[in-house]
**Q** 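Sharing a structure below in structure tokens format, with a few things to ask.
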Number of protein chains: 2
Amino acid sequence: MHKEHNLTKNQQIIFDLIDKSPEPMKAYSILFNVQKKGIKAPLQVYRALDKLVQIGKIHKIESRNAFIACHNSSCQVAKATAFSICEICEKVTEISSAGLSKYLANFKDKDGMKYSKYNLEFFGLCKKCR
Amino acid sequence: MHKEHNLTKNQQIIFDLIDKSPEPMKAYSILFNVQKKGIKAPLQVYRALDKLVQIGKIHKIESRNAFIACHNSSCQVAKATAFSICEICEKVTEISSAGLSKYLANFKDKDGMKYSKYNLEFFGLCKKCR
DNA sequence: AAGTTAATGTTATAATATAACACTATGTAA
DNA sequence: TTACATAGTGTTATATTATAACATTAACTT
């Protein structure tokens, strides 16, 4: 569940674009798409992306350097993320599994260390590509 | 458990360097360190890294664009990796937990999809930094 | 010895991301 | 309502990470 943040103009433009995209978007592809709206420089994009990630409106898919909108109301603001990634078509889906998130949130390593955050990426073939 | 691969000269040089490093190494830092051994170009480094990742001798820490040697004899050749990362000192440790790897290897999503591979990164503060 | 596959060396360039600085907008508190 | 702090903007330049393309060499296979 997202605390409401009032997005600024740039943040809103970039969030809307990512939110409408059926697939993760890369920073320079975002840049290309918003140039007609007056966002001209990479830094403007990266700044908006940083903020959107911070507040949990989008997530970064680390293995792909790409960004998707968060559609998981149970995800704890960028603190606990899990994705499935198809290695053929590159489709990415956010996983929301109560069991998984509970298991990982409570995971302790050998030293009893608990973690404040995690990111999990599963790879395989999606239905279509199998 | 690693199948034995005969590393080539470049692969061996680069593996040795990473293996001796107490922390993950970045590609261009590797390049800098092996230039005296005759490896002059980024591509030579990236090619060796690709191969080493493929055969499971090293892993890439995706959130850091850095590489560490695999010290986990139970890790299934780059198919199932988990790390803890300290957000202050950036210390990275490979996690080997039979419970965790069993849980993740058997994880199925809502559609019953099983995955052939995963990568998990936990973030928090290490003992020293707490 | 010929064919195949993997690795190398090299130059160039693509793709991803941040530094630094001057300026503007917004919210908060006296 | 002014002044202060904080966050966001616009801009130029540059750093960092990664791959394309091509000619060559090494190693393995039959």
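Within every chain, numbering begins at 1; the chains are lettered A, B, ... in the order of the sequence lines, protein sequences first and strands thereafter.
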**Q** Please report, rounded to the nearest Å, how far the C1' atom of D/dG8 is from the CD atom of A/Gln12.
**A** 15 Å

**Q** Can you give one letter per nucleotide of nucleotides 9-17 of chain C, 5' to 3': B if a protein heavy atom sits under 4.0 Å from the base, S if only from the sugar-phosphate, - if neither?
**A** BBB----BB

**Q** For residues 121-130 of chain B, which side-chain donor-acceptor pairs fall under 3.5 Å, sequence neighbours excluded?
**A**
{"residue": "B/Glu121", "atom": "OE1", "partner": "B/Ser63", "partner atom": "N", "Å": "3.3"}
{"residue": "B/Glu121", "atom": "OE1", "partner": "B/Ser63", "partner atom": "OG", "Å": "2.6"}
{"residue": "B/Glu121", "atom": "OE2", "partner": "B/Glu62", "partner atom": "N", "Å": "2.9"}
{"residue": "B/Glu121", "atom": "OE2", "partner": "B/Asn119", "partner atom": "ND2", "Å": "3.3"}

**Q** Side chain to side chain donor-acceptor pair (under 3.5 Å) with B/Asp19: which residues, sequence neighbours excluded?
**A** B/His71

**Q** Who pairs with B/Glu23 by salt bridge (Lys or Arg N to Asp or Glu O under 4.0 Å), at least two apart in sequence or on another chain?
**A** none

**Q** Taking Watson-Crick (N1-N3 plus N6-O4 or O6-N4) and G-U wobble (N1-O2, O6-N3), each under 3.5 Å, can you produce the dot-bracket string of DNA chain D? Use [ ] for crossing pairs and | for inter-strand ones.
**A** ||||||||||||||||||||||||||||||

**Q** Using the ring pair (Phe, Tyr, Trp, His ring centres under 6.0 Å) rule, collect all pairs that involve residues 86-105 of chain A, keeping only residues at least two apart or in two chains.
**A**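 Sorted pair list: A/Tyr103-B/Tyr103.
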
**Q** Given C/dA25, is OP1 or OP2 found less than 4.0 Å from the side-chain N or O atoms of A/Thr8?
**A** no

**Q** Output a table of nitrogen or oxygen pairs between the protein and nucleotides 24-26 of chain D separated by less than 3.5 Å.
**A**
none

**Q** Rounding to an integer number of Å, can you tell me how far B/Lys51 NZ sits from C/dA7 C1'?
**A**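 After rounding, the gap between these two atoms is 9 Å.
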
**Q** Looking at CD of B/Glu94 and CG of A/Asp109, how far apart are the two atoms once the value is rounded to the nearest 0.5 Å?
**A** 13.0 Å

**Q** Rounded to the nearest Å, what distance is computed from the CG atom of residue A/Leu49 to the C1' atom of nucleotide D/dG8?
**A** 15 Å

**Q** Pairs under 3.5 angstrom only: tabulate donor-acceptor contacts from the side chains of residues 40-52 of chain A to other protein residues two or more places apart or in another chain.
**A**
{"residue": "A/Gln44", "atom": "OE1", "partner": "A/Lys40", "partner atom": "N", "Å": "2.8"}
{"residue": "A/Gln44", "atom": "OE1", "partner": "A/Ala41", "partner atom": "N", "Å": "2.9"}

**Q** Quick one: side chain to side chain donor-acceptor pair (under 3.5 Å) partners of B/Tyr118, sequence neighbours excluded?
**A**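 By the side chain to side chain donor-acceptor pair (under 3.5 Å) rule, B/Tyr118 matches no residue at all.
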
**Q** Does B/Lys91 have any salt bridge (Lys or Arg N to Asp or Glu O under 4.0 Å) partners at least two apart in sequence or in another chain, and if so, which?
**A** none

**Q** Without placing hydrogens or testing angles, list every side-chain donor-acceptor pair under 3.5 Å for residues 24-32 of chain B, not counting sequence neighbours.
**A**
{"residue": "B/Lys26", "atom": "NZ", "partner": "B/Arg64", "partner atom": "O", "Å": "3.3"}

**Q** What pairs with A/Lys9 under side-chain contact (heavy atoms from CB on, under 4.5 Å), at least two apart in sequence or on another chain?
**A**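 So A/Lys9 forms a side-chain contact (heavy atoms from CB on, under 4.5 Å) with A/Ile13.
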
